**Student:** 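Sharing a structure with you now.
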There are 2 protein chains.
Amino acid sequence: MSIRDLARHLNISIGTVSRALNGRSDVNAETRRRVFEAAAAIGYVPNQSGRSLRQGTTNAIGFVVETNSETSLHGDTFFTSVYGGVQQVFAQHHLDLIVLLCPFDQDPLEHLRRVVSRRFVDGLFISAIQRHDPRIDHLIEREIPFMALGRSLSGGTHPWIDLDFDGVAHASIRRLSERGHRRIGLVTAGSEINLGYVFADSYREALAANDLPYDPDLLIRAETSEMGGYNAVDRLLKLPERPTAIVLVNEIMAIGVYRRLHEVGLTPGRDMAVIGFRDSPQSRFLSPRLTCFRIELFELGRRLAEGLLATMPAYRDQHPVGLVQEIWPVHLVPGESDPPPP
Amino acid sequence: MSIRDLARHLNISIGTVSRALNGRSDVNAETRRRVFEAAAAIGYVPNQSGRSLRQGTTNAIGFVVETNSETSLHGDTFFTSVYGGVQQVFAQHHLDLIVLLCPFDQDPLEHLRRVVSRRFVDGLFISAIQRHDPRIDHLIEREIPFMALGRSLSGGTHPWIDLDFDGVAHASIRRLSERGHRRIGLVTAGSEINLGYVFADSYREALAANDLPYDPDLLIRAETSEMGGYNAVDRLLKLPERPTAIVLVNEIMAIGVYRRLHEVGLTPGRDMAVIGFRDSPQSRFLSPRLTCFRIELFELGRRLAEGLLATMPAYRDQHPVGLVQEIWPVHLVPGESDPPPP
DNA sequence: AAGAGCGTCGTAAACGTTTACGACAACACA
DNA sequence: TGTGTTGTCGTAAACGTTTACGACGCTCTT
């Protein structure tokens, strides 16, 4: 069932059929109508391999995610909303979004190399950006259009969007400070992911901005998991002078934090203030309700898609947005987990 | 950088280069060595589109998942382990796994049609199988190799693996019955997903097997979400004669169940016994610890992959496993959420 | 010594599509 | 009438790969 069959069936040439289907202007309106009609009738759909081979494009964009939960910052529910936004924009351009999973036992750079060399996709989203991320260099060198969710230290001229972890740190510290907290612990990501550093830096700045001293013992690097939060609480409670509040880089950690606090006889939100990160389905059901930050993930997905398309020659004119290098805003959602100290 | 460049560089024909790279026998060992060496030196990788066009195969398998959280039975963390197992098997065959997301606002059948017609993949996994699932008919008609995670009512001759929800229901009811519970509520999936019905049927059978009466009021169909569990508890507590135990089809529901119980002054695991479903990272951190069922998801992924490959002519001889239609076992993990009634 | 068998390799035709190019008719204009 | 313009369409060459087929030289057999 090739374009040749369709052309024979219509008694016209395959060139005309192709032009009709691809919406080119040099084809009679009546002819175009007949072509579409016949295509629908006999169920013809163009072969993607043939198309890709000819024009060197696949009409697909890949979203690379790590399946290693230790380095993946966000809980798994994070991406589903983002995908929705991306797909909404892509639908207008007949682009397909496919998710490419980096196996947990494979080096992310190796995985990316394979993805790129197989030419599965015309462009890529990469996430969990590390401080110095060799994947970015590789993509730039190979001239593959891509958008980074998260920024690296190098900055550079590629598009990226990063969540406003600086805003998270400042808003959290200010809020706790205004409520009378003087010793505030912070649990950040322990892997080489860049936001672990960004969050720590912002924490120190925010302390200074609120005239609070910085104590290195209160800055914990941990796995972004329930167990990470659990262990971080342990370390903070062992200090000679305990903090009265904890700020977390990740809401999944909060589950472990709550649990450990309960185990040692402390009530989260009374004996210890906690501010998590994202307002996710899980965090919303913590008791007492977690103070955290809402992120418009669907809109973020839309913006990510726009930013990527703006760097792709074939779509650039329809998305004249320039180079996207943006901090994505977060919005404080007050809960009941961070009252003034006892 | 095509195979032609590589052949020119070696002063041999492109046919020989292709045969050497593809491991055919009719090529001199020394020649093959030189080909591989030169390919690595100049960084040649075969173009997938050309290859696909010629041999009508893409060397990729798609895993279709719904992003609609209402009909998606499993929490999002469910699939990550499964993917790992699938990828481990696929790696031996140079097959790539790609995840294809059905947009939340698109009909799953429409989405599948598009995926199939674009010939992105050589085979498919589909999940969230409905009672009568038109996707299965479509794939059979188009003769696309596929594996279903979940079984439909029709059964048929296609491969499927379903979780042992029958075992979950029987083990839960028996355990609760042995501990003295007489009125046991069950919350099952409310959508058209088949296991919602399977779970309900097994519930009735298990009641009969333990000489317990069946009360329709105790069988609730709900969304498989936190809110679904929250609302289900509300309905059960309004009954003139309350149940003393609840069995859930999904552990995410348990979060809502715990929360609502707390709100009305009841303590889960003391005033109300709860048995959830899966032993997931989230459920493990509920307090009191949830009695639930462990599933070897990585091994499940491996078996899914084997079952799919067994139906594909190109791989069948390496996976002589016959038609896979299996119930995947679950293992009870005792917690502290289901003591005897007060 | 002639033929068969084998190992190795080159040739060329596909796979299905897009697109540059030219052909042709119809029409307008001088 | 001759020339240029426009609209519409057919032709054929690519894109990169795999593979059927045949060619060639060598060894072994009879």
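Just so you know, these numbers come straight off a predicted model, no measurement behind them. A note on names: the letters A, B, ... follow the listed sequences, proteins ahead of strands, and every chain is numbered from 1. Just the heavy atoms: all of them, side chains too, but no hydrogens, waters or symmetry mates, feed the values below.
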**Student:** Take the protein atom CG of B/Asn22 and the nucleotide atom P of D/dA20, then report the distance between them rounded to whole Å.
**Tutor:**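 Distance check: B/Asn22 CG to D/dA20 P gives 12 Å.
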**Student:** Roughly how many Å is it from CG in B/Leu53 to P in D/dC15, rounded to a whole number?
**Tutor:**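 It works out to 14 Å between those atoms.
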**Student:** C/dT19, OP1 or OP2 - any side-chain N/O from A/Gln55 closer than 4.0 Å?
**Tutor:**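 For C/dT19, OP1 or OP2 has a side-chain N or O of A/Gln55 closer than 4.0 Å.
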**Student:** For A/Asp105, give me all partners under salt bridge (charged side-chain N to carboxylate O under 4.0 Å, His left out), at least two apart in sequence or on another chain.
**Tutor:**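 Partners of A/Asp105 by the salt bridge (charged side-chain N to carboxylate O under 4.0 Å, His left out) criterion come out as none, since no residue qualifies.
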**Student:** Mind checking ring pair (Phe, Tyr, Trp, His ring centres under 6.0 Å) for A/Phe146 and listing every partner two or more places apart, or none if nothing turns up?
**Tutor:**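 Result, ring pair (Phe, Tyr, Trp, His ring centres under 6.0 Å) vs A/Phe146: A/His158.
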**Student:** Rounding to a whole Å, what distance do you find between B/Gln48:CD and C/dC15:P?
**Tutor:**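 Atom-to-atom, B/Gln48 to C/dC15, this comes out as 19 Å.
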**Student:** Could you work out, with ring pair (Phe, Tyr, Trp, His ring centres under 6.0 Å) as the rule, every residue matching A/Phe125, not counting sequence neighbours?
**Tutor:**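 Once residues adjacent in sequence are excluded, the partners of A/Phe125 under the ring pair (Phe, Tyr, Trp, His ring centres under 6.0 Å) criterion are A/Phe63.
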**Student:** When rounded to the nearest 0.5 angstrom, what distance separates OG in A/Ser127 from CD1 in A/Ile161?
**Tutor:**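 A/Ser127 atom OG to A/Ile161 atom CD1 measures 13.0 Å (nearest 0.5 Å).
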**Student:** Answer yes or no: does atom CD of A/Glu143 have more than 12 heavy-atom neighbours from other residues, nucleotides or ligands under 6.0 Å?
**Tutor:**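 Counting other residues, nucleotides and ligands, CD of A/Glu143 stays at 12 neighbours or fewer.
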**Student:** Can a salt bridge be assigned to the pair A/Arg34 and A/Glu37 using a cut-off of 4.0 Å between side-chain N and carboxylate O?
**Tutor:**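 A salt bridge is absent here (no side-chain N lies under 4.0 Å from a carboxylate O).
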**Student:** Is there a donor-acceptor pair closer than 3.5 Å between any side-chain N or O of B/Thr311 and the backbone N or O of B/Leu308?
**Tutor:**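 Indeed, once roles are kept as given, a pair shorter than 3.5 Å links the two residues.
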**Student:** Within this structure, what is the CZ-to-C1' distance between A/Arg24 and C/dT19, rounded to whole angstrom?
**Tutor:**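 Atom CZ in A/Arg24 sits about 7 Å away from atom C1' in C/dT19.
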**Student:** When the C1' atoms of the five terminal pairs at each end define the local axes, what inter-axis angle does the helix from C/dA1-D/dT30 to C/dA30-D/dT1 show, to 10 degrees?
**Tutor:**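 Comparing the first five pairs with the last five, the axes sit 60° apart.
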**Student:** With a cut-off of less than 4.0 Å, is there a side-chain N or O of A/Arg51 near OP1 or OP2 of C/dT18?
**Tutor:**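 For A/Arg51, the contact criterion (side-chain N or O under 4.0 Å from OP1 or OP2 of C/dT18) is met.
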**Student:** Could you write nucleotides 7-14 of chain C as a row of B, S and -, 5' to 3', where a protein heavy atom under 4.0 Å of any base atom gives B, of only sugar-phosphate atoms gives S, and otherwise -?
**Tutor:** -BBBB-BB
**Student:** Rounded to the Å, how far apart are A/Asn47 CG and D/dT17 P?
**Tutor:**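 Going from A/Asn47 (CG) to D/dT17 (P), I get 17 Å.
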**Student:** Ignoring the backbone of B/Ser2, work out which of D/dT17, C/dT17, D/dT18 is nearest its side chain.
**Tutor:**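 Shortest atom-to-atom distance from the side chain points to D/dT17.
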**Student:** To the nearest Å, give me how far apart CG (B/Leu21) and P (D/dT18) are.
**Tutor:**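 Taking CG of B/Leu21 and P of D/dT18, I get 8 Å after rounding.
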**Student:** If only side-chain N and O atoms of B/Ser18 are considered, is one of them under 4.0 Å from the OP1 or OP2 phosphate oxygen of D/dT17?
**Tutor:**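 False: B/Ser18 side-chain N/O out of range (4.0 Å or more) of D/dT17 OP1/OP2.
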**Student:** Starting at CZ of A/Arg33 and ending at P of D/dT8, how long is that distance when rounded to a whole Å?
**Tutor:**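 These atoms are roughly 15 Å apart.
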**Student:** Do you know which two heavy atoms are closest between B/Ala128 and B/Asp133, and how far apart they sit?
**Tutor:**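 Heavy atoms of B/Ala128 and B/Asp133 come nearest at O-OD2, 4.1 Å.
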**Student:** Using ring pair (Phe, Tyr, Trp, His ring centres under 6.0 Å) as the criterion, list what pairs up with B/Tyr315, not counting sequence neighbours.
**Tutor:**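 If we apply the ring pair (Phe, Tyr, Trp, His ring centres under 6.0 Å) test to B/Tyr315, skipping adjacent residues, the hits are B/His93.
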**Student:** May I ask you to verify if any side-chain N or O of B/Arg4 is less than 4.0 angstrom from the OP1 or OP2 atom of D/dG16?
**Tutor:**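 Looking at the OP1 and OP2 atoms of D/dG16, neither is under 4.0 Å from any side-chain N or O of B/Arg4.
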